[in-house]
Number of protein chains: 2
Amino acid sequence: MRTVTLKQIAEELNISVTTVSKALKGYSDVSKETKKRVLDLAERLDYTPNSFAVSLRMRQSKIIGVIIPDTVHYFFSIVIKGILKVAEQHDYMVILMQSNEKFELEKKQIDLLLSKGVDGILISLSNNTKRFDHLQKVIKHDIPLLLFDKIAKTVNCSKVYIDDRKAAYDAVTYLINKGYRRIAHFRGDLNPQNSIDRFLGYKQALLDNNIPFDPKLVYMCNNNTDFDDGYNNAKQMFEDHGHTIDAVFTITDLISIGIIKYCDDNGIKVPDDLALFGFSNWFMSSVINPELSTVEQHPFKIGETSAEILFDEIKRKLNDEPIEYKKVVIPTELVIRKSSEKSENNPIKKVINL
Amino acid sequence: MRTVTLKQIAEELNISVTTVSKALKGYSDVSKETKKRVLDLAERLDYTPNSFAVSLRMRQSKIIGVIIPDTVHYFFSIVIKGILKVAEQHDYMVILMQSNEKFELEKKQIDLLLSKGVDGILISLSNNTKRFDHLQKVIKHDIPLLLFDKIAKTVNCSKVYIDDRKAAYDAVTYLINKGYRRIAHFRGDLNPQNSIDRFLGYKQALLDNNIPFDPKLVYMCNNNTDFDDGYNNAKQMFEDHGHTIDAVFTITDLISIGIIKYCDDNGIKVPDDLALFGFSNWFMSSVINPELSTVEQHPFKIGETSAEILFDEIKRKLNDEPIEYKKVVIPTELVIRKSSEKSENNPIKKVINL
DNA sequence: TTGTACGCGTTATCAG
DNA sequence: CTGATAACGCGTACAA
């Protein structure tokens with residue numbers, strides 16, 4: 001089916017392309033009658049504007065680009081959902097790319113998005129991104145850019161993220177208040193800021209409660225297979241410290257789940273022998289046994305907010321209004337479940353706002 | 001930064017736009033020298049072709065559209081990963097949309113993709129899609145279309161899917177061979193074909209093994225909250241049948257996981273008191289306790305294959321070659337884990353090809 | 001080897 | 001109220 005153009009409608013009605021265009025766009029300077037004729041015919045022929053031509057003419061694509069490290073990740077898949085929802089509301093479409101945690105790929109994808117003429121870019125940086133020329137390039141091109149979750153502080157653009165340090169601080173403080181004293185931390189790799197911040201939050205919570213920080217209680221998870229990291233480090237921890245550890249705060253839920261598995265396999269009771277506190281509130285944390293206490297990051301909200309801000313910047317740019325970059329910190333919450341509630345029989349489940 | 005065009009390069013070098021264009025595209029009828037001058041300048045100015053203009057001229061966008069019911073779904077997020085990988089290899093970008101299982105939305109999204117001029121569309125239908133005019137429209141527009149996973153048999157286009165019936169048949173047969181006799185089925189809603197097919201496979205396996213089919217052992221899960229469905233139906237099942245049931249085959253892993261939870265809460269041992277067999281091999285099924293036996297659908301392969309076929313059709317269309325629609329059935333496999341292995345102590349974990 | 005001219009489909013300006 | 005004309009940036013048949 002050959003797609004119908006303004007020209008065809010114009011010829012059919014013996015009027016000019018200009019008039020057809022105006023009629024369709026509801027301009028006031030078209031007679032009621034011609035307008036009706038045009039609209040009717042357009043309807044009948046199922047006219048759709050050629051978006052390439054419109055984009056060329058209007059210099060905007062009505063598309064934004066989104067780059068994330070990995071689609072197969074509960075957190076990101078929800079972020080995406082939030083972005084898609086807002087994009088739809090704004091009549092925008094979303095090109096999705098995943099960097100697979102590779103800097104080079106991320107860089108290439110930025111170039112692709114720029115060459116495609118997207119109106120804005122949302123990106124969550126790969127763990128291996130340590131230089132930001134590619135982001136500077138976006139800014140130089142005057143394309144609205146927003147970093148979310150995995151951000152770079154030095155890049156001059158809007159950002160949406162959580163306060164990892166505070167969230168970790170809150171979680172560990174909660175454990176301390178519950179009476180746990182020897183609290184280990186299974187941390188992430190040295191690089192991503194999130195990993196560092198959560199570690200710092202852990203450490204600070206200990207110190208603020210007069211519990212000496214013991215580096216021997218910190219285990220590194222950097223095999224990119226979180227579950228196994230949790231399992232293996234749990235094994236190592238029990239070898240190193242016997243059963244003297246009260247609780248573990250892990251950088252992400254999956255690591256806690258690995259620990260649960262190890263405990264299951266070795267007759268160690270969670271939370272009675274060892275309490276656990278995760279991070280991210282993966283869906284599976286609510287169905288595993290025992291249910292896992294964790295930190296809710298509100299990924300949907302992160303996606304929504306990021307997209308809203310980006311579209312606002314796109315609009316402002318279009319209207320030549322000034323843009324000031326926003327830094328939005330999405331509040332986190334502790335989700336308390338069984339894994340941190342020693343010797344209580346009830347499945348208490350409460351959300352704590354801090 | 002104003003983006004640089006052919007015209008600017010031409011002016012700078014005092015040659016025609018045509019020559020610049022030809023030089024950049026490696027045409028043979030350009031002198032070595034001018035070619036070099038053009039390439040150098042283009043490089044220096046970081047020239048990027050305006051994709052709107054190219055698309056308008058060439059009548060192709062180098063974009064495909066992908067519609068899925070939900071991004072927050074382990075299966076789909078992996079399918080997406082497969083699609084993105086292949087798209088990248090083919091130098092294509094992907095616009096992602098989610099229908100949220102709503103027919104009206106899916107229909108609208110098809111229109112949006114068509115109006116955007118995508119070169120092809122991959123879609124997994126929403127559960128509420130029972131009419132296919134919107135798909136016919138795509139076909140009428142001569143845009144390559146491929147259905148995956150949630151397909152419609154009557155639509156004339158390529159399809160990639162699994163044999164749900166056989167997979168279910170294999171799973172239930174496995175249970176039977178293991179010695180289980182009273183096997184319940186927690187099925188899905190009446191509508192999606194997958195749900196029907198898995199049920200039919202279940203039924204057939206029973207009959208082929210001379211086990212009478214008992215409709216009372218079939219429970220319906222249709223609250224769209226699989227986990228709760230599993231939990232609640234488990235409760236109901238034990239009320240209805242006491243502990244006479246050997247095993248349950250569930251339409252998806254999450255429902256099995258709900259059952260596990262119910263069993264945990266009520267001192268029922270899986271698999272010793274009740275064996276479970278899920279479907280889809282969600283990641284969480286490998287870390288839950290007990291690990292869940294399930295059906296591997298190879299979503300990555302589904303994504304890859306779908307994209308490959310679509311790009312082949314796009315290419316053929318471009319070259320005016322004939323297109324014949326393919327129906328590819330991706331083989332499934334049983335993943336045997338603890339939940340179906342009564343009274344074995346070892347965590348046997350084997351994959352069975354059927 | 002280079003350049004002219006046209007068209008892709010739309011929108012904006014301006015003259016009638 | 002209507003329409004002619006130009007422009008967006010690129011690619012290509014054809015002329016020079």
Q: For each nucleotide in nucleotides 9-16 of chain D, reading 5' to 3', give B when a protein heavy atom comes within less than 4.0 Å of its base, S when such contact involves only the sugar-phosphate, and - otherwise.
A: BBBBBB--
Q) With sugar-phosphate meaning primed atoms plus P, OP1 and OP2, does A:Ser55 contact a base, only sugar-phosphate, or nothing at under 4.0 Å between heavy atoms? A) nothing
Q) Rounding to a whole Å, what distance do you find between A:Asn14:CG and D:dT2:C1'? A) 14 Å
Q. Hey, is the side chain of A:Ser16 poking within less than 4.0 Å of OP1 or OP2 on D:dT2, counting only N and O atoms?
A. no
**Q.** For atom NZ of A:Lys62 and atom P of C:dT10, their distance in whole Å
**A.** 17 Å
**Q.** Donor-acceptor side-chain pairing of B:Gln60 and B:Ser55 below 3.5 angstrom
**A.** no
Q. Atom CD1 of A:Ile9 and atom C1' of D:dG3: how far apart are they, to the nearest Å?
A. 17 Å
Residues 81-88 of chain B, side-chain donor-acceptor partners within the protein, below 3.5 Å, at least two apart:
{"unit_1": "B:Lys81", "atom_1": "NZ", "unit_2": "A:Asp70", "atom_2": "OD1", "d": "2.8"}
{"unit_1": "B:Lys81", "atom_1": "NZ", "unit_2": "A:Asp70", "atom_2": "OD2", "d": "3.4"}
{"unit_1": "B:Lys85", "atom_1": "NZ", "unit_2": "B:Glu304", "atom_2": "OE2", "d": "2.4"}

(Q) As a test of understanding, state which of B:Lys108, B:Glu104, B:Glu106, B:Lys107 forms a side chain to side chain donor-acceptor pair (under 3.5 Å) with B:His134. (A) B:Glu106
Q.
I want to check one thing: is the phosphate of C:dT2, taken as OP1 and OP2, less than 4.0 Å away from some side-chain N or O of B:Ser31?
A. yes
Q: Indicate whether the side chain of B:Ser31 and that of B:Thr34 have a donor and an acceptor atom separated by less than 3.5 Å.
A: yes
Q.
Under a plain distance cut-off of 3.5 Å, with no hydrogens placed, do B:Ser99 and B:Gln109 share a side-chain donor-acceptor pair?
A. no
Q: Specify the separation, in whole Å, of atom CZ of A:Arg37 and atom P of D:dC1.
A: 15 Å
Q | Between B:Tyr161 and B:Asn194: side-chain donor-acceptor atoms closer than 3.5 Å | A | no
